[in-house]
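The structure appears right after this line, and notes come after that.
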Amino acid sequence: MHPSPSVIVFTVLSGLGFGLLIWLGVGFPQVTGWSAFGMFALAYLLAVGGLAASTFHLGNPQRALLAFTQWQTSWLSREAIASVLTLVLMAVFGFALVFFGTRLYGLGFLGSFCALLTVLTTSMIYTQLKTVPRWHQPGTPILFVALALAGGALLTGVTVAALWFLLVAGGVQIMVWTIGDSLYRESKTSLATATGLDGSGDIRQMSPPHTGSNYLLTEMVYVVGRKHAQLLRIASIITMSGLPVLLLLIGGSGGFAWGLAVVSHVAGVGMSRWLFFAEAEHVARHYYDQR
Amino acid sequence: MTRLPPPSSVKLGLVIDLDTCVGCHACVVSCKGWNTENYGVPLADTDPYGADPQGVFLNRVHSYEITPRNGGAAQTVHFPKSCLHCEDAPCVTVCPTGASYKRAEDGIVLVNESSCIGCGLCAWACPYGAREMDPVEGVMKKCTLCVDRIYNENLPPEDREPACVRTCPAGARHFGDLGDSTSKISRLVEDRGGVALMPEQNTKPVNRYLPPRPRDSTTQIDILAPFLDPVIDTPDGLLGWLDRALTKITP
């Protein structure tokens, strides 16, 4: 699949932002006043910035309000609703916390739950696609949630939680890659099933339907970058999980090491998200005899 | 509404005969023509006379070669591909705006272009690569089964079928109701063992493909060959003398 920069920026930033909101809603850390203001401002900047980035890949963003209507069947619509609901709930919660020093516990828990739901709905947009075997696995939503919790914990500065969730996210990431590889290998779809010419012989493409490129080839038959996939996986896991854990163990939260850990983690998640798209094989590629 | 309607009794669709298709791409061109001049935004081309020409098409013809595993000559199969108007259309349910829908009365899958935000998720959800985004208008384009022809009373009756079917010079494309088991095309599917594409994706496509008939096979390619005079391969002239001389030395 085409690793569109706007979608990568969106999923990485909003994942971090909503991850931060999950922790803030349940009261980790117990911030009030200006420090709470800073935390909430950062969370909203990330979440809203991510959502704004996501509209850049739309052909007609002026009709985006319609995306709130089809929650009964569409995960994308559910994501839109969950994200706005979270932002509204947490705005009220944050306002009371920052300006009145009042912690509305119920509202905070509800906001946290909605933030978690938002991350889950984002991941389900990809998980639901049977056409991309690598994404169609329970590991995908687990990874998205684990990364949001890890990133959020890292930003809140709760070192113990950050350490554990960074390790968990790293483990889940390796599991998702391994399962994804086998799902791709074991996919039942082939050029033979795609054309219905099963059993009659060995099929190969003799000539493509068009001499130039087209939307399908640039969007779904994206193959650039697979060559370096293994190297990028290693780089991603080190910067996303390994290095931040090491830096937290050395310097704890709040200092220069912590800042470096945050930067490293975001870069690692960005790389992992790029691979998430670039490595994903869509079954329609079989028509072009891309195996 | 992107909730799929209950299965309709009428299932309009295409049956494509892979035995007959000659791969002339006439269906591709007539489809592009009709759907550029009629319903919806025109099918855009970008850089048409430049170095990297691209365009939106709702129908594309792939060409494959099949080599039989038990030997024999390879066979060319031309394979036109367009929307299969699936009963369990995954492209419809993923749509966040309700722009994608499946008609309850005849099962045609359509896009309401005035509510499409151009997110492209439906194209990702389609296993067949049947949807293409229009680069100029930013809305999703797909086969409409020429819904603006088949019910169009301003057209003469013989033209009330999809443009690709009407234009096919080989008669490889058939249009009709696949929900009616007595219809002409349902019987065609029955007789020829028509198949659904990617059954493992569980999309329940309506369109069917008729597999190419097995080719005749024979052990003797040319029945006259044994009666031809054998080629005289003994050389004459200087080479002949040399050949005879050398044969005498080394018998």
Side-chain angles (χ1 to χ4, degrees), chain A residues 1 57-64 66-80 125 128-132 187-189 191 193-216 218-221 282-289, chain B residues 1-4 18 28 52-57 60-69 74-77 79 81 90 92-99 115-121 123-129 132-135 137-139 195-202 209 211-212 214:
Chain A
M1 309 297 285
H57 86 287
L58 298 180
N60 283 285
Q62 76 280 8
R63 299 175 189 147
L66 283 169
F68 292 90
T69 58
Q70 302 303 313
W71 52 271
Q72 290 189 346
T73 64
S74 168
W75 282 105
L76 185 48
S77 188
R78 287 169 196 162
E79 182 205 32
I125 293 171
Q128 67 175 334
L129 297 175
K130 261 192 232 166
T131 51
V132 184
S187 164
K188 288 192 191 77
T189 305
L191 182 53
T193 69
T195 55
L197 296 168
D198 288 60
S200 46
D202 296 319
I203 314 167
R204 70 172 186 101
Q205 177 174 253
M206 202 175 71
S207 67
H210 42 95
T211 49
S213 188
N214 75 344
Y215 176 75
L216 299 176
T218 51
E219 189 72 11
M220 284 170 283
V221 195
H282 192 282
V283 291
R285 81 189 183 284
H286 287 295
Y287 285 108
Y288 290 90
D289 208 359
Chain B
M1 198 59 185
T2 52
R3 187 170 281 272
L4 287 167
L18 298 179
V28 178
D52 183 25
Q54 289 196 29
V56 180
F57 287 82
R60 303 211 182 242
V61 181
H62 295 253
S63 295
Y64 301 111
E65 183 187 69
I66 307 174
T67 310
R69 289 191 194 95
Q75 189 177 350
T76 303
V77 175
F79 186 89
K81 178 171 67 71
V92 170
T93 49
V94 299
C95 176
T97 67
S115 28
C116 176
I117 55 171
C119 67
L121 190 56
W124 286 12
C126 172
Y128 308 104
E132 297 187 20
M133 180 92 79
D134 190 277
E137 297 291 335
V139 295
V195 294
L197 306 184
M198 292 192 190
E200 71 284 356
Q201 289 277 334
N202 296 321
Y209 283 78

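Sequence lines set the chain letters: A, B, ... in the order given, protein chains first and strands last, and positions in each chain run from 1. When reading the values below, keep in mind they use all heavy atoms of this one structure, side chains included, and skip hydrogens, waters and symmetry mates.
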Please check: side-chain N/O of A/N60 versus main-chain N/O of B/G138, any donor-acceptor pairing under 3.5 Å? yes
Determine whether [X] and [Y] make a side-chain contact, defined as any pair of heavy atoms from C-beta on separated by less than 4.5 Å.
X      : Y      : answer
A/T218 : B/M133 : no
B/K81  : A/Y287 : yes
A/V283 : B/Q201 : yes

Which of A/S187, A/P208, A/A80, A/A284 touches chain B most, by non-hydrogen pairs under 4.5 Å: A/A284
Give the member of A/T211, A/T189, A/L129 that has the highest number of heavy-atom pairs under 4.5 Å with chain B. A/T189
Please flag which part of [X] lies under 4.5 Å from any non-hydrogen atom of chain A: side chain, backbone, both or neither.
X      : value
B/E137 : backbone
B/F79  : side chain
B/V139 : both

Selection from [options] maximising heavy-atom pairs under 4.5 Å formed with chain A:
options                       : answer
B/P135, B/C126, B/G120, B/G55 : B/C126
B/A74, B/P199, B/C116         : B/C116
B/C95, B/P211, B/P68          : B/C95
B/V77, B/I117, B/V56, B/V195  : B/I117
B/A123, B/P212, B/A196, B/P90 : B/A123

Report which part of [X] has an atom under 4.5 Å of a heavy atom belonging to chain B: side chain, backbone, both, or neither.
X     : answer
A/E79 : neither
A/H57 : both
A/L58 : both
A/A64 : backbone

Closest contact, heavy atoms only, [X] versus [Y]:
X      : Y      : result
A/Q70  : B/G98  : CG-N, 3.1 Å
B/P96  : A/T69  : O-OG1, 3.8 Å
B/A125 : A/T131 : O-CG2, 3.1 Å
B/R3   : A/T73  : CA-CG2, 3.7 Å

Tell me which one of A/D202, A/L197, A/T195 satisfies side chain to side chain contact (heavy atoms under 4.5 Å, CB included) with B/I66. A/L197
Measuring from atom [atom1] of [X] to atom [atom2] of [Y], what distance do you get when rounded to the nearest 0.5 angstrom?
X      : Y      : atom1 : atom2 : result
B/W124 : A/Q128 : CH2   : CD    : 11.0 Å
B/Y64  : A/M206 : OH    : CE    : 11.5 Å
A/E219 : B/E132 : CD    : CD    : 11.0 Å

Check against side chain to side chain contact (heavy atoms under 4.5 Å, CB included), B/V28 and A/H210: CA-CA 11 Å; B/V28 178; A/H210 42 95; over 6 Å; no
Would you please classify the geometry between the A/Y288 ring and the B/H62 ring as parallel, tilted or perpendicular, with 30° and 60° separating the classes? perpendicular
